[in-house]
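Notes to accompany the following structure.
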Protein chains: 2
Amino acid sequence: MQSILELRHLRTLLAIRDTGNLTRAAERLFLTQSALSHQLRLLEEHFALPLVMRKSSPLKLTPAGDKLAQLADAILPQVAHAERAIAKLREGEAGQLRIAVECHTCFDWLMPAMDTFRTHWPEVELDIVSGFHADPVSLLYEDRADLAIISEVEDNPDIACLPLFSFDMVALLANDHPLTAKPRLEAADFATETLITYPVADEMLDLVKKVLKPAGIKPQRRTSELTVAILQLVASRRGIAALPRWSVQHYLEKGYVTARPITANGLIAELHVAVNKGREETAYVADFVQTMREVSVLNLPGVTLL
Amino acid sequence: MQSILELRHLRTLLAIRDTGNLTRAAERLFLTQSALSHQLRLLEEHFALPLVMRKSSPLKLTPAGDKLAQLADAILPQVAHAERAIAKLREGEAGQLRIAVECHTCFDWLMPAMDTFRTHWPEVELDIVSGFHADPVSLLYEDRADLAIISEVEDNPDIACLPLFSFDMVALLANDHPLTAKPRLEAADFATETLITYPVADEMLDLVKKVLKPAGIKPQRRTSELTVAILQLVASRRGIAALPRWSVQHYLEKGYVTARPITANGLIAELHVAVNKGREETAYVADFVQTMREVSVLNLPGVTLL
DNA sequence: GCCAAACTATGATTCAAACTCATAATTTTC
DNA sequence: GAAAATTATGAGTTTGAATCATAGTTTGGC
């Protein structure tokens, strides 16, 4: 008659409620779908009550499952808070976290993540290292940054690399652009177009690096600092752009511009975090990475944790 | 960097804080001392901080351990509450629990336990089956009671028997009684004394059943319903009594009467719960047994859980 | 201060819970 | 109604949590 309930089960319930789907819940917890299915069955046997309604998609919680999810909502934040408090006991409250960013759109999700982090670690000094750097990792070496957000895994024994998430990039066309006739764009389609981008070097654009350069295509470029401005240019037929789908979801829904996948598999961009080796074990650094992942997956549509 | 913390660990921390002692904490959790030692080491490795101060008896928690204990205080009641809520979903709120009692002193600890239980299960009708019954188990058979508190394990396939706790009985003497000269009393010492007891049959008195009858000794009896009255009689040299130590602790501390162990090993009494087979799985019945154990071990000195 | 008793730590071993894998069964979608 | 996606299930594996046996410490009495 002893209780078998553990925090693990509460985390599972929340993941199921949030994703409405065992398979995705399992991914979020870094477990297999099978593990969750077994776990759930054991819990339901223990309480002798169903916890989720199987005959519905998305999966919904039963009243009993809901009670547990409410419990989870109530206590998991307390647990996280206590763990942070202990990390602070060990390391002290203070510290600094200078963030180097190489991609413009990052700011969209970085800001909310930083806000959340600030409430957990008010004594940690948060900074964004100004300007955009071709090689943010060198900033780590020079101790001008503590954490870099990069788009390719850095294979380097002095650097620890942690995965953030991936998302797909889409080509953006004016609604009446002739290329909208195609279901997807290939490298060749860009040859005669003007490419509208943020003002960064070629090698920092995933589209150029992964698609156009391999195909030997070098379209005209035009740049703008702001996402809205880029969209404005696209809409007025000055060229085409390639941006993360989540950053333009809103404009697509309003019908301002049209999106098309790039290449048959889509153009998938990844983001990673780089820190000087060993630094990833500092509690507030680990917590910041965790926060970036959680906040982003929550706010950005179509983002997948790595 | 994933958290390994589980509810199990929080329960351990509380047990350590409450008992100040790994060995007793382990008993309380029905684990070995070794298990707790390993568990604690793993936790401390995880947080890279000591959680309890080893060089002190009783064991004390470090600030980090204290943080976790506070967390436990905050969330374990919530967990228990949610589990009861789910049990109620399954079984409905209501039910009845008629308690048959065979021992007089039981009321001292039964009342607080019933009070606690009532706050958890307000819709369960609590009753004490009036009068004292030589055979409370027969009340279960006749469905005149749902739960009996008995002093010997009932070996019966229709009855489920659950352990409560044990405690030692002491002989009570007037402070100037000649027998106070002896470090302990043996059966023979009772031969010429008047035994003051509650008004119950011989076979329900542990002293008679386990010590005097086997020795063929049958002292004079005098009875009283009330513990204070019995003590009053003892103090005024009308005879000697045998009562649970915890029920007279208070009077002993004030020096009203003197206590002596009975026989070399002491006279250990046990209490158990009997319910009709299967009934022990009803959530509120299981919870009542749990409550009786917890409340008693908390309030009564020298009581050991079975 | 020393000895016995009580308590805690540790390594080896056992055991069971929890996970993965492979695949069957079911549900959803088009 | 077929294909795709999702969930369930049984077998097998891994992991970590427990026990056991015992060594090492601490405490308390004399």
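Atom P of nucleotide dA8(D) and atom CG of Leu43(A) are separated by 13 Å, given to the nearest angstrom. Remark: P of dG16(D) and CD1 of Ile4(B) are 9 Å apart, rounded to the nearest angstrom. Distance, Leu31(A) CG to dT14(D) C1': 14 Å, rounded to whole Å. Atom pair Gln39(B):CD and dA9(C):P shows a separation of 13 Å (rounding to whole Å applied). Atoms CD (Glu6(A)) and P (dA17(C)) sit 13 Å apart, rounded to a whole Å. Rounding to whole angstrom units, CG of residue Leu42(A) and P of dC19(C) are separated by 10 Å. In this entry the distance linking CE of Met53(B) with P of dA9(C) reads 14 Å, nearest Å. Distance, Leu51(A) CG to dA8(D) P: 12 Å, rounded to whole Å.
Residue pairs meeting the ring pair (Phe, Tyr, Trp, His ring centres under 6.0 Å) criterion with at least one partner in residues 280-306 of chain B, sequence neighbours excluded, are Phe117(B)-Phe288(B), Trp121(B)-Tyr284(B).
Heavy atoms only, all atoms of each residue included: Ala113(B) and Val295(B) are closest at N-CG1, 3.9 Å.
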Show every donor-acceptor pair shorter than 3.5 Å between a side-chain atom in residues 69-76 of chain B and any protein atom, with sequence neighbours excluded, or say none if there are none.
unit_1: Asp73(B); atom_1: OD1; unit_2: Arg17(B); atom_2: NH2; d: 3.1
unit_1: Asp73(B); atom_1: OD2; unit_2: Arg17(B); atom_2: NH1; d: 3.0
unit_1: Asp73(B); atom_1: OD2; unit_2: Arg17(B); atom_2: NH2; d: 3.3

Please tabulate, for side-chain N and O atoms in residues 162-175 of chain A, each donor-acceptor pair with protein atoms closer than 3.5 Å (sequence neighbours left out).
unit_1: Asn175(A); atom_1: OD1; unit_2: Thr258(A); atom_2: N; d: 3.3
unit_1: Asn175(A); atom_1: OD1; unit_2: Thr258(A); atom_2: OG1; d: 2.6
unit_1: Asn175(A); atom_1: ND2; unit_2: Gly255(A); atom_2: O; d: 2.8
unit_1: Asn175(A); atom_1: ND2; unit_2: Tyr256(A); atom_2: O; d: 3.3

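With hydrogens and angles left out, the side-chain atoms of His272(A) and Glu270(A) include a donor and acceptor closer than 3.5 Å. A donor atom on one side chain and an acceptor atom on the other are not found under 3.5 Å apart for Thr23(B) and Gln33(B). In this model, no donor atom of one side chain and acceptor atom of the other lie less than 3.5 Å apart for Thr263(B) and Glu186(B). With no hydrogens or angles considered, a side-chain donor-acceptor pair links Arg41(B) and His38(B) at under 3.5 Å.
At least one donor-acceptor pair closer than 3.5 Å links the side chain of Arg54(B) to the backbone N or O of Val52(B).
Within residues 19-30 of chain A, the residues approaching DNA chain D are Asn21(A), Leu22(A), Thr23(A), by heavy-atom distance under 4.0 Å.
In this structure, the nucleotide among dA18(D), dA9(C), dT9(D) sitting nearest to the side chain of Ser37(A) is dT9(D).
Residues Asp18(A) and Arg24(A) are not paired through a salt bridge, judged by the lack of any N-O separation under 4.0 Å between the basic side chain and the carboxylate.
Comparing Leu40(B) and Leu36(A), the nucleotide of DNA chain C nearest to each residue sits closer to the 5' end for Leu40(B). Taking the nucleotide of DNA chain C with the nearest heavy atom to each of Arg8(A) and Leu59(B), the more 5' of the two is matched to Leu59(B).
Recorded end-axis angle for the helix from dG1(C)-dC30(D) to dC30(C)-dG1(D) stands at 50°, based on five pairs per end and rounded to 10 degrees.
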Protein-nucleotides 21-28 of chain C N/O pairs under 3.5 Å:
unit_1: dC21(C); atom_1: N4; unit_2: Ser34(A); atom_2: OG; d: 2.5

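Interatomic distance, CG of Leu36(B) versus NE2 of His9(B), reported as 10.5 Å (0.5 Å rounding).
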